[in-house]
Amino acid sequence: MARDLLLEVGAEEIPASFIVPALEDLKRVLTERMADARLKHGEVRTFGTPRRLAVLVRDVADAGEDITKEVLGPSAKAAFDAQGKPTKAAEKFAESLKLSVDALGRTTTAKGEYLSARVEEKGRPAEAILQDALHAAVHGISFKKSMRWGDVDTAFARPVQWLVALLGDTALPVVLGDVKAGRTTYGHRFLAPGAITLKAPSDYEAALEKAHVVADIAKRRAELLRKVNAAAASAGARLLEDEGLVDQVTNLVELPSPVVGSFEERHLDLPPEVLVQEMKSHQRYFSLTDAKGKLLPRFIAVSNTPVRDEQLSLRGYQRVLAARLADGRFFFDEDRRTPLADRVEKLGRVVWQGQLGTYLEKVERFRALAGWLAQATGRAGEAATVERAATLSKADLVTGMVGEFPELQGVMGREYAKAGGEPDAVALAIFEHYLPRGAEDALPSQDAGALIGLADRLDSLCGIFAIGKAPSGAADPFALRRACLSIIRIVLGRGYRFSLSAAVDEALRLLAPKLANVKRKPGEAAPREQVLEFFRGRLKALWGEQHRTDVVEAVLAVGFDDLVAAKKRLEALSVLVGHSDFQPLAAAFKRVVNIVEKQGKDVAGGQTNPQRFTDEPEKNLHTAFTQARDKVGERVRADDFAGALKEITGLKPAVDTFFDKVMVMAEDKDLRENRIRFLTEIGALFNQVADFSKIQAETAAAA
């Protein structure tokens, strides 16, 4: 009969950011091992708090499933001699399976005929499977940083205090370091510190809740939000939304207990971002606003236990915050004594990347690139703002405030630019060149910040690729994937029309002095091709979330140098492939493309000669093609790709008749080559929108 399984690792306080990844590792390794052993089970749940990582598996079978499988032995030639008698190879194979040679069968494979047998493999008992699986799971958790304790060799995020490993009412012999598993867990450190003996895994969650521990992360998060929102409402305020802080605090406590505190109102003259960051980064306090979103001199702190004397606790929270805010005010006042412009030269002492130079050198490069982009996008009128804002854009990196809170770069640049009398447009561009900071973040609201942000990111992408440090696997230390996606979002969001490849070329030209001594591996693609291929991969992943993969491939295959045009082509083609009559249309176009690909390489270049057409269908197709070509060109120049596709699809009847009535591969060489050139021109017409050969006609029919 099926039984539930519980594994819990109890430890000293685990860092909040470690908990969710650790639970993912624990679940993955355990379920993979169970699957490998064919051990069936039901729902899998994970639980995590600062003091525990746990996984609960419902309805685990008593044993792995039995299977019957075919086992191959020696080849028939090796298994029997010339007289047809079994060789030692055949006898040994039969003996290993506890069968007679006569009981063996024969199986024909691509490599020939082999002796074979169908054998039954019994599933192992659940206890035996899980003993190995649980050991692998607890030792398979990967932490950013681990530690050892005592004289044990095992490493873990923090010293392990207890282990629980139960299959039904049976304790399993699992060991981690110097701790052996049992059935004893522990509740809240202060409210219920005593041992809790579990009779069965199904008792786990309720037993912990009774002991003041909300072990389910989602449930604890919901309770945290409910309590802090209620506390905010009781103070006549609203909670400043911050999902990341909610997640962090959720995994800092086992039982969330919020209290509302305050700070001196005079601190509200500091930039709101400074106040929020002071409360969030050091203290994990939640900020409060009024109904209009204006920051209030109030906060919510969350402790791990209800406090007996709330006023005493609040005095502690407020005293610590008061010291932090005093530090913030000191940095703010001191930083403003030196204008941003006077700090720019100090960037020459701050290294951006060893091979690519200092931040000052980087600023000089992307300032020039931003000016180039202003011209390329038709925003030359922004050149002066771009020039000034780019010059000052990184100067806040050498301020005390940003040194304390790196998250405030750009924010402080904006504030210090305003304080120094810079134009509002320059101050805003300094801030907005960092936008978007994430997938959900807003885009720059004006051109100067957007163009500087594009230039900054392009410099990073091209420079890092050029020195051979491109992202690999999950490793992306320079956040190039995010930078690439931000460039795409800005270009599409702002509607910028320019040549991406030309921008990459310009960025690499500006980087050239730093790349003179870079050695490239034999056969390695040039940085230009690597960067553009990287963009292609990001576009494929991004657009593939909303459009069919084959349609995305078809659009990207004919180019994405103009990102806005590529997106418009994608949207138009996505609509077309959704029509029920697209399958025969795609088949006709694919036929054109396939003939050109197979036969075109043997045909010399040149234009089609209409005078050499001999059959009426090819003459008719040429007439229709000529008319469509002009109209398609007009539509493409007007960004009307839906209209261009409509003109292209209008050729289908003539294309079908051509293939039905005309022999493309005629014996006459000149006639044959003229027809292939003609099909090449038709294919080029299609390629103004997409490569139709990439589209799966069968999928199109089902769309």
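Treat the numbers as computed from the prediction; the structure is a model and nothing was measured.
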Practice prompt. Among residues two or more places apart or on two chains, list those pairs meeting salt bridge (charged side-chain N to carboxylate O under 4.0 Å, His left out) that have a residue in residues 450-463.
Written response: K362-D456, K362-D459, R365-D459, K394-D456
Worksheet item: Hey, mind stepping through R336 and E415 against salt bridge (charged side-chain N to carboxylate O under 4.0 Å, His left out) and telling me if it holds?
Response: CA-CA 9 Å; R336 287 183 296 171; E415 297 301 320; over 6 Å; no
Worksheet item: Out of curiosity, E432 CD to L428 CG, how far, rounded to the nearest 0.5 Å?
Response: 4.0 Å
Worksheet item: So, for A370 and L451, which heavy atoms are closest and what is the spacing to 0.1 Å?
Response: CB-O, 4.0 Å
Response to the item:
In terms of heavy-atom contacts, P193 and Y186 come closest through O-CD2, 3.6 Å
Worksheet entry | L369 side, atom CG; I452 side, atom CD1 - distance, nearest 0.5 Å | 11.0 Å
Worksheet item: Side chain of Q277, backbone of V274: donor and acceptor closer than 3.5 Å?
Response: no
Worksheet item: So, do E278 and F405 sit near enough that their side-chain heavy atoms are less than 4.5 Å apart?
Response: yes
Worksheet item: Is the cationic atom of R45 (NZ for Lys, CZ for Arg) positioned less than 6.0 Å from the six-membered ring centroid of F47 and within 45 degrees of its normal?
Response: no
Worksheet entry | Side chain proximity check, P436 to I490, heavy atoms < 4.5 angstrom | yes
Fill in: Any donor-acceptor N or O pair under 3.5 Å, side chains E12, W149
no
Discussion item. If you apply the rule side chain to side chain contact (heavy atoms under 4.5 Å, CB included), what do you find for L511 with L356, and how did you get there?
Written reply: CA-CA 8 Å; L511 280 157; L356 299 176; 4.2 Å; yes
Discussion item. What I want to find out is whether E382 reaches R379 closely enough, with some N-O distance under 4.0 Å, to be called a salt bridge.
Written reply: no
Worksheet entry | Test item: L443 and R494 side chains (from C-beta on) under 4.5 Å apart, heavy atoms | no
Worksheet item: Is there a side-chain contact between P297 and E264 (heavy atoms, below 4.5 Å)?
Response: no
Item to complete: Any ring pair (Phe, Tyr, Trp, His ring centres under 6.0 Å) involving residues 219-245? Give me the pairs, sequence neighbours left out, ordered by first then second residue.
Response: none
Worksheet item: Does anything in residues 338-356 pair up under side-chain hydrogen bond (donor to acceptor under 3.5 Å, both in side chains), and if so which pairs, sequence neighbours excluded?
Response: none
Practice prompt. Using side-chain hydrogen bond (donor to acceptor under 3.5 Å, both in side chains) as the criterion, list what pairs up with T49, not counting sequence neighbours.
Written response: R52, E254
Practice prompt. List in chain and number order the residues that pass side-chain hydrogen bond (donor to acceptor under 3.5 Å, both in side chains) with R388, two or more places apart in sequence or in another chain; answer none if no residue qualifies.
Written response: E422
Worksheet item: Is there a side-chain contact between L360 and V344 (heavy atoms, below 4.5 Å)?
Response: yes
Worksheet item: Looking at residues at least two apart in the chain, or sitting in another chain, which of them share a side chain to side chain contact (heavy atoms under 4.5 Å, CB included) with A235?
Response: V260, R298
Worksheet entry | Sidechain N-carboxylate O distance under 4.0 Å for K219, E209 | yes
Fill in: Approximate separation, where rounding is to 0.5 Å, of L23 CG and I217 CD1
5.0 Å
Worksheet item: Can you find a pair of side-chain heavy atoms, one from L295 and one from S287, that are under 4.5 Å apart?
Response: yes
Worksheet item: Does the ring center of F299 lie less than 6.0 Å from the ring center of F263?
Response: no
Item to complete: Using atom types as modelled and distance alone, determine if a side-chain donor or acceptor of Y496 lies under 3.5 Å from a backbone N or O of A450.
Response: no
Discussion item. With rounding to the nearest 0.5 angstrom, report the OG1 to CE distance, T399 to M412.
Written reply: 6.5 Å
Worksheet item: Judged by modelled atom types alone, do Q248 and S17 share a side-chain donor-acceptor pair under 3.5 Å?
Response: no
Item to complete: Apply the side-chain hydrogen bond (donor to acceptor under 3.5 Å, both in side chains) test between R221 and each candidate in D247, T250, N251; give the one that qualifies.
Response: D247
Practice prompt. Any ring pair (Phe, Tyr, Trp, His ring centres under 6.0 Å) involving residues 419-456? Give me the pairs, sequence neighbours left out, ordered by first then second residue.
Written response: none
Worksheet item: Does a sphere of radius 6.0 Å around CD in E43 hold more than 12 heavy atoms from other residues, nucleotides or ligands, not counting ones at 6.0 Å or beyond?
Response: yes
Discussion item. One thing to verify: whether R266 and D269 come together as a salt bridge, which I'm taking to mean a side-chain N less than 4.0 angstrom from a carboxylate O.
Written reply: no
Discussion item. Could you check, using the six-membered ring where one of them is a Trp, whether F332 and H267 have ring centers closer than 6.0 angstrom?
Written reply: no
Practice prompt. Kindly say whether N304 contributes a backbone atom to a donor-acceptor pair with the side chain of H188 at under 3.5 angstrom?
Written response: yes
Item to complete: Kindly indicate whether the side chain of P15, heavy atoms from C-beta on, has any atom under 4.5 Å from the side chain of F18.
Response: yes
Worksheet item: Within a reach of under 6.0 Å around CZ of R482, are more than 12 heavy atoms found that belong to other residues, nucleotides or ligands?
Response: no
Worksheet item: Considering all heavy atoms of both residues, which atom of V228 and which atom of P258 are nearest to each other, and what is their separation?
Response: CG1-CB, 3.9 Å
Worksheet item: Do the side chain of Q283 and the main chain of Y285 share a donor and acceptor less than 3.5 angstrom apart?
Response: no
Discussion item. Test: salt bridge (charged side-chain N to carboxylate O under 4.0 Å, His left out). Region: residues 226-239. Which pairs qualify, not counting sequence neighbours?
Written reply: E223-K227
Worksheet entry | side-chain hydrogen bond (donor to acceptor under 3.5 Å, both in side chains) partners for T154, two or more places apart | none
Worksheet item: Nearest heavy-atom pair of T184 and V164: which atoms, and what distance?
Response: O-CG2, 3.3 Å
Discussion item. I'd like to know if the side chain of R481 reaches the main chain of A479, judged simply by a donor and an acceptor atom lying under 3.5 Å from each other, with no hydrogens or angles considered.
Written reply: no
Item to complete: Taking the side chain as every heavy atom from C-beta outward, state whether L461 and C484 have any pair of such atoms under 4.5 Å apart.
Response: yes
Worksheet item: Distance from Q161 atom CD to R51 atom CZ, nearest 0.5 Å?
Response: 8.0 Å
Practice prompt. Please name all residues satisfying salt bridge (charged side-chain N to carboxylate O under 4.0 Å, His left out) with E310, sequence neighbours left out, ordered by chain then number.
Written response: none
Worksheet item: Of all residues at least two apart in sequence or in a different chain, which pass the salt bridge (charged side-chain N to carboxylate O under 4.0 Å, His left out) check with E24?
Response: none
Worksheet item: Is the backbone of G413 close enough, under 3.5 Å, to the side chain of D396 for a donor and an acceptor to pair up by distance?
Response: yes
Worksheet item: side chain to side chain contact (heavy atoms under 4.5 Å, CB included) with S202: which residues, sequence neighbours excluded?
Response: D4, R58, A200
Response to the item:
Taking every heavy atom of L163 against every heavy atom of V179, the minimum-distance pair comes out as CD1-O, 3.4 Å
Item to complete: Tell me, with the steps shown, if L458 and F366 meet side chain to side chain contact (heavy atoms under 4.5 Å, CB included).
Response: CA-CA 8 Å; L458 277 170; F366 74 67; over 6 Å; no
Discussion item. Show the nearest heavy-atom pair for residues L198 and A207, with the distance to one decimal.
Written reply: CD2-CB, 4.0 Å
Item to complete: State whether the side chain of R220 and the backbone N or O of G48 hold a donor-acceptor pair below 3.5 Å, judged by distance alone.
Response: yes
Discussion item. Using only atom types and a distance under 3.5 Å, with no angle test, would you say the side chain of D476 pairs donor to acceptor with the backbone of L480?
Written reply: yes
Practice prompt. State whether the side chain of Q375 and the backbone N or O of W372 hold a donor-acceptor pair below 3.5 Å, judged by distance alone.
Written response: no
